[in-house]
Amino acid sequence: MRKFNERIAQRPSVLVACTRAYSWVEEGGQAMFMGLNYWSGVIVALLLVAVATSAPTVAANQTSQHEKSIYWGDLHAHTAYSMDAYVLNTQTTPEDAYRFAQGGSITLPDGGEHRLKRPLDFAAVTDHAEYFGLINVCRSEPQRPYCKELAEAAAENSRRGFVDIFLPLIVSGKRNCLVDDSRCADFEANLWQRSIDAAEAANQPGKFTTFIASEWTASPDNLHWHRNLIYANASVPKRAINSFDQPTQEQMWQALKDQCRDRAPCDVIAIPHNGNIGLGGSYATAGHTTKLLGLRAEFEKLVEIHQHKGSSECYPGSMYSDESCDFEIALPIPIRDDLRLNKRELTEQEKIDIANGYVRPTLARGLKLLNSQGVNPFRYGFVGATDSHSAQPGSAEEDNWRGSLGQWDDNLNDRQMFANYNPGGLTAIWAEENTRQALFAALQRREVYATSGTRIKLRVRQTFTAGADCDAVPEQTKTMGASLGEHKKTQQPTFIIEAMQDQTPIAAIDLIKLSQNGDQVDQRVIALGNYPNGRASSCVTWRDSDYIKGDMALWYVRVLEQPTQRWDQKHQIQERAWSSPIWSLE
């Protein structure tokens, strides 16, 4: 995998932005990144000699300086084992999804073939746990009248199966397995085991990593309060955690503790997604004790900030927003449908409620809770995903998107029904190697970042070393996802941000700071780089001269690309990457 190594010096200053030309060389079978200055040929030649004879500078994590690489993947995809995908006529299985993630082709509901331009390094199939039993019964006994109706509706090029059969069932929160409870439990456990077996068979340490996973799918009033449950290894609960047995988020966390964390070596991370269409329900804390806030923090270390049903960083025009927040905005489904039905505009209260489901105000709430209760339940790192319901993990390119919703995406006109949706995002993990153990450890320490589907290379480091900048990066630094290290009261943090374009030049680099100020949390959006003509790469350093030791604060970086054409060919967008934050306090 490509290693984002610094090999040359750059001009020092408190705020530095420098452009470099890049090349890739093969070392030990892996593609290594190195940077070359754009100055005279003589200097370039000298630099090449220096590169060839010097040891690489490596990314240091919080406690050591193990050399790391960036690994690309998708932690959220569905197959025919999910009932909503099934009624969309998706017939592909987890085995198909993992083959697709590695570059293999897949057959879509319209009979066409699709494959990724660039394979993934890791993937997780997160089928909805709630209807494992029902789907397995219908796969095993298709002659049942209900199963026949379900199959007929799935085969139609209509919304009947989804709207008339699936939605009422999932919103009801009631289990329907068509058989008695004992047999239902067996059917559920059997399909869960098939999902486990598929992940185990596809896992290839060092080459391609799979995670055993499922989705807990609480959907009251058709709002999304969902979590993807990503397990560390093959030690998992015998039945998938689901919103029928554990209908509240509090019960889900307790089940994760009782059925996994307390049964070593089982370990798990719960990732909220689509807060943008949840009206804040995913982040509810009413009545939560310090103990319960701490239980949440144990499992919810990451949040999905972007996927095909919209971006969730910040809601345009709200308190915690800026001009770049207007990106792939999708409204909560009940509000969206009511606006269309009654041909009305959003109310001011609805705008406030919608904004509560976004990540940036949730991070601010976390600082407030840390200040008032001593626990931050929203110490989130960022991941991106597709949420494909067509067994296509990683299919996030605007010019190579075949949709995410089964037969509803048979042609472009069908996809126009969902013009607010997009191909989704990807997760980048900084880790020592491509194995479950290394990648899961990186997820836990939040040394990850999200993109909107592009593969921007991004590294964010922090130090208190005087004079540190792009020209002189200390060996020991803090990485994205970490907290500031030990420091003296008079010391101020310096952030070193390196970004390299994917296929489109970089347009801007922003640093977002949230900090506690009395009973309020203040926001600053600092423009570290603005490149109207685009840049292939940039290294920027910034010292926070306002920071005082003991402040409750966090900092994260957002990198924007130059505008490119959106999948629908109707307008241009700016693809982007979001680093996980660095916090001032644990």
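Remember, predicted model here, so these are calculated numbers, not experimental data.
- Under the rule for a side chain to side chain donor-acceptor pair (under 3.5 Å), Tyr283 has no partner lying at least two apart in sequence or in another chain.
- Ring-plane geometry between Phe211 and Phe122 is classed as perpendicular, the angle between the planes exceeding 60 degrees on a 0 to 90 degree scale with a lower cut at 30.
- Ion pairing of Glu575 with Arg566 is absent here, as no side-chain N (NZ or NE/NH1/NH2) approaches a carboxylate O to less than 4.0 Å.
- Ser452 places a side-chain N or O within donor-acceptor distance of the main-chain N or O of Arg576, the cut-off being under 3.5 Å.
- Every side-chain contact (heavy atoms from CB on, under 4.5 Å) that Gln349 has, sequence neighbours left out, goes to Thr347, Ile352, Asp353.
- Ring orientation note: the planes of Tyr449 and Trp72 are nearly perpendicular, at an angle over 60° on the 30°/60° scale.
- Judged by distance alone, the side chains of His308 and Glu328 never bring a donor and an acceptor atom under 3.5 Å apart.
- Of the candidates Thr386, Asp387, Asn274, Asp387 is the only one forming a side chain to side chain donor-acceptor pair (under 3.5 Å) with His76.
- Side-chain polar atoms of Asn434 and Thr209 form a donor-acceptor pair below 3.5 angstrom.
- Glu397 pairs by the salt bridge (Lys or Arg N to Asp or Glu O under 4.0 Å) definition with Arg118, not counting sequence neighbours.
- Cation-pi contact between Arg461 and Phe495: absent, since separation from the ring centre below 6.0 Å together with deviation from the ring axis within 45° is not met.
- Taking a cutoff of 4.0 Å between a charged side-chain nitrogen and a carboxylate oxygen, Lys68 and Glu433 do not qualify as a salt bridge.
- Ring orientation note: the planes of Trp253 and His288 are nearly perpendicular, at an angle over 60° on the 30°/60° scale.
- Remark: Asn376 engages no residue in a side chain to side chain donor-acceptor pair (under 3.5 Å) (not counting sequence neighbours).
- In this structure, CG in Leu292 is found 9.5 Å from OG1 in Thr290, a value given to the nearest 0.5 Å.
- By the side chain to side chain donor-acceptor pair (under 3.5 Å) test, Glu323 is found to be paired with no residue, residues two or more places apart in sequence or in another chain being considered.
- Checking side-chain atoms of Glu398 against main-chain N and O of Trp567 turns up a donor-acceptor pair under 3.5 Å.
- Sorted by first and then second residue, the salt bridge (Lys or Arg N to Asp or Glu O under 4.0 Å) pairs involving residues 517-533 (not counting sequence neighbours) are Arg524-Asp546.
- In summary, Glu298 and Arg261 engage in a salt bridge, as defined by a charged side-chain N under 4.0 Å from a carboxylate O.
- Taking a cutoff of 4.0 Å between a charged side-chain nitrogen and a carboxylate oxygen, Glu300 and Arg227 qualify as a salt bridge.
- Classification of the Phe327-Trp578 ring pair by plane angle, with boundaries at 30° and 60°, yields tilted.
- In this structure, Phe378 and Tyr380 have tilted ring planes: the angle between them lies in the 30° to 60° band.
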